[in-house]
Amino acid sequence: MKTIDELLAEGVAGKRVFVRADLNVPLDGTTITDDGRIRAVRPTVSALAAAGARVVVASHLGRPKGAPDPAFSLAPAAARLGELLGSEVAFATDTVGESARATVAALTDGQVAVIENLRFNAGETSKDDAERGAFADQLAELADLYVGDGFGAVHRKHASVFDLPARLPHAAGGLIATEVGVLKKLTEDVARPYAVVLGGAKVSDKLGVIDHLLEKADRILIGGGMAYTFLKAQGHEVGISLLQEDQVPAVQGYLKRAVELGVEFVLPVDVLVAHEFPDLKTKAPAHPTTVAADAIPADQEGLDIGPATRELYAAKLADAATVFWNGPMGVFEHPDYAEGTKAVAQALVDSPAFSVVGGGDSAAAVRILGFDENAFGHISTGGGASLEYLEGKTLPGLAALED
């Protein structure tokens, strides 16, 4: 896989370089609430521009239905990228149409443009190879070289991620090189003890990674909404908590395998419960109560790990040499249910372990809860991509960058 350093050494001055970034940032209207992904790709864009390239940045945002939708415009992300670069960034109001062609044609050496949301074109996400390929052909007309640096999208077989690199000389950007290097530390010659913390809403989203990590991890800590399927698998009442009943047999199988392999599965011993889900807009006080994990009332819902579990999890992480964390421990967006997620983050800050925060909600939580990002070994920009890599899957966007 050619690196961006090799590409720069060959010379990019005057060349149009298509950078497939991941600018899929959370928005409140047109306000970016977490610019982590934009900051992550800035070094690659900056290096190319400084070397005289005419940089064309492209990304998706959200899930528009293959047609323009103002709610998913990349205009706010383009403006923020310009602020981070300290120079004006041109913005094309379409992907491969008149605006994109004119905007790219107007670039001079060292200038940067962002084209509109790639998913405004149905060809980007099409499952039909010919339709995806036709869109990739149009994108290829905008550039001379391709740099893949959108790690959060490399697990998608999309036109700009998979098909376009085959049409242009290509290299991996600095972010992708960093992400892959970090993930190799979690899969090859791992420093032990190796602890994995998994949270989030659905256990079904994590089954593949649990299956794979049972062969690699020393202990696995479970929190978030998915914990209640594990508690149910142990025969406990979970009330009206989030539950994937159909996954209970699979979870029981994993718990049994863990015992056979000598992997320690750590589940909550107490939880915060309430009669209803909190109001995340007003953040009105929720007044939760703490109960033992095996004593959740039938009419209440578990929404965070309790204080005893926080202490337990901190202790289980204290002596770890490597930690991978993906998924919050509770509804961290509400202050009454943020302490579990905060406790895990603090445990990683306090631990000497090489800690990887696996993207998505857990990365957002670290920032929202006010932690210094530099206190962690690495904060990934791609939750889904990280999980699929750890499952041992071939990621289309990485395979496309191989020579």
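What you see is a predicted model, and the numbers here were worked out from it, not measured in a lab. Here, residue 1 is the first one in the sequence, and each next residue gets the next number.
- To the nearest 0.5 angstrom, Asn121 atom CG is 10.0 Å from Asp94 atom CG.
- Between the side chain of Tyr146 and the backbone N or O of Ser160, at least one donor-acceptor pair lies under 3.5 Å.
- Each salt bridge (charged side-chain N to carboxylate O under 4.0 Å, His left out) pair with one or both residues in residues 373-382, not counting sequence neighbours, appears once here: Arg39-Glu373, Arg367-Glu373.
- Remark: Arg119 does not engage Asp69 in a salt bridge, criterion side-chain N to carboxylate O under 4.0 Å.
- Atoms CD1 and OG1, from Ile368 and Thr33 in turn, are 6.5 Å apart once rounded to the nearest 0.5 Å.
- Side chain of Thr322 to main chain of Arg192: no donor-acceptor pair is present (N/O by atom type, distance under 3.5 Å, no hydrogens or angles).
- Here the side chains of Leu280 and Val331 are in contact, with some heavy-atom distance below 4.5 Å.
- A donor-acceptor pair under 3.5 Å is formed between the side chain of Lys206 and the backbone N or O of Gly199.
- Distance alone, capped at 3.5 Å, is enough to place a donor-acceptor pair between the Thr178 side chain and the Gly174 backbone.
- Residues Ser204 and Gln244 have side chains that bring a donor and an acceptor to within less than 3.5 angstrom of each other.
- Contact record, Thr95 with Leu142: O-CD1, 3.6 Å, taken as the closest heavy-atom pair.
- Between Phe371 and Phe376, the ring planes are perpendicular. Angles over 60° get that label, and only those under 30° would be called parallel.
- Contact annotation: the side chain of Leu74 never approaches that of Val57 to less than 4.5 Å [non-hydrogen atoms, C-beta and beyond].
- A donor-acceptor pair is defined here as one N or O able to donate and one able to accept, closer than 3.5 Å; such a pair exists between the side chain of Glu179 and the backbone of Thr381.
- Under 4.0 Å is where a charged nitrogen must lie from a carboxylate oxygen, and between Glu260 and Arg257 no such pair does.
- To the nearest 0.5 Å, atoms NZ (Lys185) and OG1 (Thr187) are separated by 11.5 Å.
- When all heavy atoms of Asp304 and Ala338 are compared, the pair lying nearest together is OD2-N, 4.0 Å.
- Under the 3.5 Å distance criterion, the side-chain polar atoms of Asp22 are left unmatched by any main-chain donor or acceptor of Phe151.
- In this structure, the separation between CZ on Arg132 and CD on Glu124 is 9.5 Å, given to the nearest 0.5 Å.
- Counting heavy atoms from C-beta outward, Val266 and Thr309 have side chains that stay 4.5 Å or more apart.
- No more than 12 heavy atoms of other residues, nucleotides or ligands shown are found within 6.0 angstrom of CD on Glu88.
- Using modelled atom types, one side-chain atom of Asp144 and one backbone atom of Arg16 make a donor-acceptor pair closer than 3.5 Å.
- Residue pairs that meet the ring-ring contact (aromatic ring centres under 6.0 Å, His included) test with at least one member in residues 304-348, sequence neighbours left out, are His334-Tyr337.
- Using a cutoff of 4.0 Å between basic side-chain nitrogens and carboxylate oxygens, Arg219 and Asp319 are scored as salt-bridged.
- No side-chain heavy atom of Val25 sits less than 4.5 Å from a side-chain heavy atom of Asp34.
- Sorted by first then second residue, the side chain to side chain donor-acceptor pair (under 3.5 Å) pairs that include residues 101-112, not counting sequence neighbours, are Arg54-Asp109, Thr108-Gln111.
- A 4.5 Å side-chain heavy-atom check between Val154 and Tyr389 finds every atom pair outside the cut-off.
- Between the side chain of Ser99 and the backbone N or O of Thr93 there is at least one donor-acceptor pair closer than 3.5 Å.
- In terms of heavy atoms, Ala233 sits closest to Leu255 at CB-CD1, 4.3 Å.
- Of the possible donor and acceptor atoms, none in the side chain of Asp163 sits under 3.5 Å from a partner among the backbone N and O of Ala136.
- A donor-acceptor distance shorter than 3.5 angstrom exists from the side chain of Asn117 to the backbone of Leu61, with no hydrogens or angles considered.
- A distance of 8.5 Å separates NE2 in His170 from CE in Met1, rounded to the nearest 0.5 Å.
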Working for side-chain contact (heavy atoms from CB on, under 4.5 Å), residues Arg20 and His60: CA-CA 9 Å; Arg20 200 335 179 158; His60 70 287; 3.2 Å; yes
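- Salt bridge Lys15/Glu10: absent, no basic N to carboxylate O contact under 4.0 Å.
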